[in-house]
Protein chains: 2
Amino acid sequence: MAKIKRNRNGTRKDVIIAKAAKLFREKGFSATSMRDLAEHVGVEAASLYNHISSKAEILQEICFKTANNFMSHIEEVDATPNKTAIEKIQAILRFHIKQMLDNYEEVYVSDREWKHLTDPYLSNMQSQRRAYRQRIASVIEEGIRKGEIKPIDAPTAVLIMLHAVSGIESWHRSKKKIPGELLEDNMVQILVDGLRKQV
Amino acid sequence: MAKIKRNRNGTRKDVIIAKAAKLFREKGFSATSMRDLAEHVGVEAASLYNHISSKAEILQEICFKTANNFMSHIEEVDATPNKTAIEKIQAILRFHIKQMLDNYEEVYVSDREWKHLTDPYLSNMQSQRRAYRQRIASVIEEGIRKGEIKPIDAPTAVLIMLHAVSGIESWHRSKKKIPGELLEDNMVQILVDGLRKQV
DNA sequence: AAATAGCGCTAACAATTGTTAGTATTTTAT
DNA sequence: ATAAAATACTAACAATTGTTAGCGCTATTT
């Protein structure tokens with residue numbers, strides 16, 4: 001069998017991970033076998049192990065790459081001066097939506113399949129997710145204090161935001177897609193107008 | 001080993017399905033083995049087959065019971081006269097939240113694991129889910145026509161609503177839970193105020 | 001009391017799982 | 001051209017998978 005074709009700027013490991021992300025999204029981590037993955041990569045199962053050390057490692061790479069991605073972004077947003085809480089929330093929301101549109105497979109997988117990580121990665125991911133939600137909640141609470149946002153329960157608002165965005169998977173599968181920008185505007189409008197205090 | 005203890009008004013099959021729902025939620029359908037399930041039921045794996053015919057059947061029962069539950073409710077809501085679109089949306093939302101709180105395991109599982117159904121159940125479930133979303137979208141479009149709801153993309157709104165509600169899983173796991181009613185009010189407020197036209 | 005049905009057990013099955021060892025082949029570096 | 005490094009292959013492994021067969025105990029019905 002021929003070698004794994006790698007694109008420019010990408011290792012063969014990257015190819016494997018990308019294919020794995022697609023399969024993990026479609027069938028779930030547990031229901032995806034290494035022989036399954038190998039077939040889609042165009043190689044025998046054993047050959048995969050020249051590039052990765054285990055099935056678990058693939059999930060780890062997907063999850064932590066994505067998590068770090070989101071974490072760096074929120075740190076950046078939070079550090080930007082002269083931004084209202086509403087603006088910060090909008091920036092976070094738009095980033096989530098954009099990530100979901102651009103890196104669909106990996107974002108989706110890391111959101112739904114991280115439970116199949118094993119310790120110590122599992123605990124690590126759990127606290128990373130907790131910390132991330134906490135940061136958003138803090139922005140919302142800041143907005144409430146400043147009178148920009150209605151006095152609602154901040155964790156509930158975070159929960160709604162994050163899960164609403166993850167719903168883009170349905171949109172992705174939908175036949176009659178609306179354009180990406182329109183989707184983004186609609187989501188931000190619906191969610192943020194629910195947050196904004198009505199004066 | 002002793003027999004499976006069944007509660008009043010419940011068959012032994014019901015006990016198995018309830019335990020399975022819990023495990024399917026925690027570990028996913030594929031990652032849950034029949035021996036795993038048997039252990040939690042307090043019986044050997046083979047004994048399960050005196051009550052169910054296959055692992056697949058368990059998932060089918062969970063998914064279709066839940067789906068029918070939601071479908072009957074929306075039909076009921078839709079048939080109620082003298083209800084504004086906003087009121088209908090609120091009723092649907094509150095029902096979802098209540099179901100999520102009362103039948104957590106089964107609702108969660110049927111939402112996240114239905115992909116592991118096999119045909120013909122898979123196709124059946126797919127069209128049932130599509131039909132359900134379509135009904136909600138129709139209510140929203142009705143609301144838009146009547147001027148109750150902002151002119152947003154109805155499928156997007158449905159997507160946000162349904163996924164926001166499914167986020168209650170996070171709440172379920174949360175240490176510092178706010179009371180169920182408060183959660184419900186917060187969610188409905190945030191989501192519906194985002195929908196309601198500002199006059 | 002006898003017959004029947006319900007339900008548990010052990011043992012086993014074929015298939016599939018992730019992974020390793022050892023070897024051959026192809027690419028890269030010298 | 002030769003040596004070295006990558007990377008593919010085949011074959012096999014032990015463990016786990018869902019499920020069935022067959023047997024025996026126990027509760028229910030006759």
Side-chain angles (χ1 to χ4, degrees), chain A residues 1-21 23-24 26-63 109 113 115-119 121-122, chain B residues 1-21 23-24 26-63 109 113 115-119 121-122:
Chain A
M1 183 89 46
K3 283 200 180 178
I4 299 174
K5 276 184 234 157
R6 68 175 170 203
N7 331 0
R8 66 221 167 288
N9 295 342
T11 67
R12 279 168 240 264
K13 183 170 177 175
D14 293 335
V15 175
I16 293 173
I17 291 179
K19 289 280 183 191
L23 288 173
F24 290 173
E26 287 170 358
K27 320 178 47 172
F29 174 76
S30 295
T32 303
S33 74
M34 293 301 277
R35 286 168 179 81
D36 218 359
L37 172 57
E39 192 175 347
H40 281 80
V41 172
V43 100
E44 290 299 317
S47 306
L48 296 173
Y49 289 83
N50 286 318
H51 306 280
I52 52 128
S53 69
S54 69
K55 187 187 178 186
E57 192 210 5
I58 301 178
L59 186 62
Q60 289 155 23
E61 300 245 357
I62 293 173
C63 289
V109 166
E113 305 292 326
K115 284 186 190 176
H116 295 100
L117 291 169
T118 50
D119 271 328
Y121 303 98
L122 179 60
Chain B
M1 184 89 45
K3 284 198 179 179
I4 299 175
K5 278 183 234 158
R6 65 174 173 207
N7 329 1
R8 68 219 168 290
N9 296 341
T11 66
R12 281 170 239 266
K13 182 169 177 176
D14 294 334
V15 176
I16 293 174
I17 290 178
K19 288 280 184 191
L23 288 173
F24 290 174
E26 289 171 357
K27 321 176 46 170
F29 174 76
S30 295
T32 304
S33 74
M34 294 301 278
R35 285 169 180 81
D36 218 1
L37 172 57
E39 192 175 346
H40 280 81
V41 171
V43 101
E44 290 299 317
S47 305
L48 296 173
Y49 289 83
N50 285 318
H51 307 280
I52 51 126
S53 70
S54 67
K55 186 186 179 187
E57 192 211 5
I58 301 178
L59 186 61
Q60 289 154 24
E61 300 246 356
I62 293 174
C63 289
V109 167
E113 304 292 325
K115 283 186 191 177
H116 294 101
L117 291 170
T118 49
D119 273 326
Y121 302 98
L122 179 60

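Proteins get letters first, then strands, A, B, ... in listed order; numbering begins at 1 in each.
- Here B:F29 pairs with B:F24, B:H116 under the ring-ring contact (aromatic ring centres under 6.0 Å, His included) rule; sequence neighbours left out.
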Hey, mind stepping through B:R12 and B:V43 against side chain to side chain contact (heavy atoms under 4.5 Å, CB included) and telling me if it holds?
CA-CA 12 Å; B:R12 281 170 239 266; B:V43 101; over 6 Å; no

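- Atom-to-atom, CZ of B:R12 to P of C:dA5 comes out at 17 Å; the value is rounded to the nearest Å.
- Residue B:K55 contributes atom NZ, which lies 12 Å from atom C1' of D:dT19 at whole-angstrom precision.
- At least one side-chain nitrogen or oxygen of B:S47 sits closer than 4.0 Å to the OP1 or OP2 atom of C:dC9.
- Side-chain contact between A:D36 and A:K27 is present, with at least one heavy-atom pair separated by less than 4.5 Å.
- Contacts between residues 28-40 of chain A and DNA chain C, defined by a heavy-atom separation below 4.0 Å, involve A:T32, A:S33, A:M34, A:R35, listed by number.
- Nearest nucleotide to the B:A46 side chain, out of C:dC9, C:dA21, D:dA8: C:dC9.
- Nearest nucleotide to the A:Y49 side chain, out of C:dG8, D:dT20, C:dG18: C:dG18.
- Rounded to a whole Å, the CD1 atom of B:I52 is 13 Å from the C1' atom of D:dT20.
- At a threshold of 4.5 Å between non-hydrogen side-chain atoms, the residues A:M34 and A:I52 count as touching.
- Rounded to whole Å, atom P of C:dG18 lies 12 Å from atom NE2 of A:H116.
- A donor-acceptor contact under 3.5 angstrom links the side chains of B:T11 and B:D14, judged on distance only.
- In this structure, the CD atom of B:E44 is 5 Å from the P atom of C:dT10, given to the nearest Å.
- In terms of polar N and O atoms assigned as donor or acceptor, the side chain of B:N50 comes within less than 3.5 Å of the base of C:dG8 in a complementary pairing.
- Residues satisfying the side-chain hydrogen bond (donor to acceptor under 3.5 Å, both in side chains) test with A:E39, not counting sequence neighbours, are none.
- Residue whose closest nucleotide on DNA chain D sits further toward the 5' end, between A:A45 and B:S53: A:A45.
- Nearest heavy-atom pair across A:A20 and A:I58 is CB-CG2, 3.5 Å.
- Regarding contacts with the backbone of C:dG8, a side-chain N or O of B:H51 is found under 4.0 angstrom from either OP1 or OP2.
- Atom CG in A:L23 sits roughly 13 Å away from atom P in C:dT17 (whole-Å rounding).
- Straight-line distance from the CG atom of B:L48 to the P atom of D:dT20: 13 Å, rounded to whole Å.
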